[in-house]
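Everything on this sheet refers to the single structure shown next.
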Amino acid sequence: MTDPVVVSGLAVEAPGGIDTPAALWSALADATELLSPFPRDRGWPIEDLLSLSELDGWGRVHDSGGFLDGAAGFDPALFGVTHREALVMHPQQRVAMRVAWKALENAGINPDRLDGEFVGCYVGMSPMEYGPRAAVADAHSGHRIASLGQLGAAARISHSLGLTGPSISLDTACASALTAVQLAATAVAADECEWALAGGVCVMGSPGAFYEFARLNALSDDGRCRAYADDASGTVWGEGAGMVLVERESRARAQGRPVYGRILAIRTNHNGRGKPILVPRVRAQEQVIRKTLDAAGVDPADIGMIEGHGTGTRAGDPVELLALFKTYGAAGSPARIGSIKANIGHPQAASGILGLIKLLLAGWHGQIPPTLFADNPTTLLDWDLTGLRLATELQPWQPKDGVRYGATSSFGAGGANAHAVLAMPADPGVPA
């Protein structure tokens with residue numbers, strides 16, 4: 001790969017008031033749990049939520065989740081949005097626009113000077129309930145079509161910045177954001193555009209996800225996301241957003257930007273039919289990992305860190321680990337495994353980009369951060385058969401020939417699977 005596609009800018013918003021990559025890294029390095037009680041300013045029926053377990057066959061909902069502190073904050077004038085439009089606009093669009101702006105600034109680009117530039121924008125996001133019904137005649141009618149998701153966050157970002165390249169919002173459930181990065185990297189590699197923004201966003205306009213998983217008895221028993229742990233009992237829903245700038249390495253270096261990581265390969269597939277649509281499959285996950293490794297041209301034994309999907313569910317985590325054991329483990333990889341969801345909950349469509357940014361920051365700092373609850377790994381698999389282990393402490397990540405190789409996964413509830421392999425230069429170029 002003579003001129004690889006690289007990540008040369010990034011931005012993130014995560015629970016716990018995290019709004020910079022530096023703040024996120026500090027929380028990860030310190031093994032900080034960033035969950036909090038349900039927000040009391042969204043009009044959610046909190047008492048009803050917390051009493052769902054009284055219904056026959058329903059699981060308990062704990063007063064816990066990973067929520068963005070600044071989900072309601074927005075400066076409409078900065079983005080050329082009218083006040084009335086801003087009132088109707090889904091928070092997912094607002095947050096995505098804000099994080100895209102910060103990703104550009106992180107790369108040293110003035111967002112005000114992009115009007116007419118043929119730049120791509122790819123955003124993973126899933127529909128979320130928000131606001132009053134659309135099928136009524138009121139003061140907000142006429143503004144909803146562009147504000148509740150029909151046109152997507154990518155269109156909002158492209159319009160506000162004046163970008164004229166490909167602009168695509170996509171939904172593959174929890175695999176959405178990593179799939180968006182795949183499309184952006186592919187577009188840059190094919191010269192469809194010189195560079196692009198890519199990422200994902202999740203802001204829960206309603207607590208609907210908690211109702212759904214309470215009925216499926218798939219929420220955590222204690223309100224904590226114990227990814228890969230033996231006492232994992234279910235997931236905890238969260239929010240978040242992340243955006244990266246992707247371009248050719250030669251262009252990034254010429255512009256004096258850092259190279260956080262080279263995107264060696266991202267591949268996606270689908271579970272196919274057979275089991276219920278929400279059930280993960282070892283075969284499909286193993287297949288997408290192998291295809292990604294083949295495309296990357298990397299020896300899996302060289303992978304030092306794997307940022308997994310790790311939702312903390314009894315059905316998902318063992319399946320994912322078995323696929324990792326059969327690929328990376330069988331090849332002799334000593335990689336340390338973790339999941340950012342243990343810190344922030346499961347940010348759904350944004351999970352892939354937050355995991356990717358965690359991996360990039362680990363490569364930047366030359367350290368593998370610990371994953372919470374890793375001192376009690378699941379006993380459903382025999383860890384002695386592989387060199388893979390959970391990341392239990394902050395530890396040095398030694399490069400090989402000047403590069404740190406890492407991988408990350410993201411698996412969607414609808415059967416979509418995504419896997420990425422990256423190479424992080426030990427000398428990224430310029431300070432973050």
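A donor-acceptor pair under 3.5 Å links the side-chain atoms of Glu320 to the main chain of Gly310, judged by distance alone. The backbone N or O of Tyr328 lies less than 3.5 Å from no partner atom in the side chain of Ser333, so there is not a single donor-acceptor pair. Looking only at distances, no side-chain donor or acceptor of Arg336 sits under 3.5 Å from a matching main-chain atom of Pro369. In this structure a side-chain-to-backbone donor-acceptor pair under 3.5 Å is present from Arg389 to Trp383.
Using modelled atom types and a 3.5 Å distance limit, the side chains of Asn417 and Gln285 yield no donor-acceptor pair. Checking Thr392 against Asp375 by side-chain atom types alone, no donor-acceptor pair falls below 3.5 Å. Checking Ser158 against Ser167 by side-chain atom types alone, a donor-acceptor pair falls below 3.5 Å. Side chains of Tyr228 and Asn376: a donor-acceptor N/O pair is absent below 3.5 angstrom, by distance only. Side-chain N/O atoms of Asp30 and Thr32 include no donor and acceptor closer than 3.5 Å.
Here CZ of Arg215 is found 10.5 Å from CG of Leu52. Values are rounded to the nearest 0.5 Å. Between the CD1 atom in Ile344 and the CG atom in Leu354 there is a gap of 4.5 Å [rounded to 0.5 Å]. Going from atom CE of Met89 over to atom CZ of Arg94 covers 7.5 Å, rounded to the nearest 0.5 Å. Rounding to the nearest 0.5 angstrom, the gap separating the CG atom in Asp63 from the CG atom in Leu35 is 11.5 Å.
Scored by the salt bridge (Lys or Arg N to Asp or Glu O under 4.0 Å) test, Lys358 finds Glu307 as partners (sequence neighbours excluded).
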**Request:** Take Arg314 and Asp221 through the test salt bridge (Lys or Arg N to Asp or Glu O under 4.0 Å) and record every step on the way to the result.
**Result:** CA-CA 12 Å; Arg314 295 188 182 101; Asp221 286 346; 3.6 Å; yes
**Test salt bridge (Lys or Arg N to Asp or Glu O under 4.0 Å) applied to Asp3 and Arg262, step by step** = CA-CA 10 Å; Asp3 193 8; Arg262 300 176 182 123; over 6 Å; no
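A salt bridge links Arg226 and Asp222; the closest N-O separation between the charged side-chain nitrogens and carboxylate oxygens is under 4.0 Å. The residues Glu286 and Arg281 are annotated as not salt-bridged, no charged nitrogen and carboxylate oxygen being separated by less than 4.0 angstrom. For Arg224 and Asp231, the salt-bridge test fails: no basic side-chain N is under 4.0 Å from an acidic carboxylate O. Of the charged side-chain nitrogens involved, none lies within less than 4.0 Å of a carboxylate oxygen, so that Glu194 and Arg248 do not count as a salt-bridged pair.
Environment of NE2 in His365: crowded, with over 12 heavy atoms of neighbouring residues, nucleotides or ligands closer than 6.0 Å. Atom CG of Asp41 sits in a crowded spot, with more than 12 heavy atoms from other residues, nucleotides or ligands closer than 6.0 Å. The neighbour count for Glu105 CD, taken as heavy atoms of other residues, nucleotides or ligands under 6.0 Å away, is above 12.
Residues His419 and His309 keep their aromatic ring centres 6.0 Å or farther apart. Here Phe79 and Phe74 bring their ring centres to under 6.0 angstrom of each other.
Within the 4.5 Å cutoff, the side chain of Ile263 has no heavy atoms near those of the Pro4 side chain. At least one side-chain heavy atom of Gln92 sits less than 4.5 Å from a side-chain heavy atom of Met125.
By the 6.0 Å and 45° rule, Arg42 stacks over the aromatic ring of Trp44.
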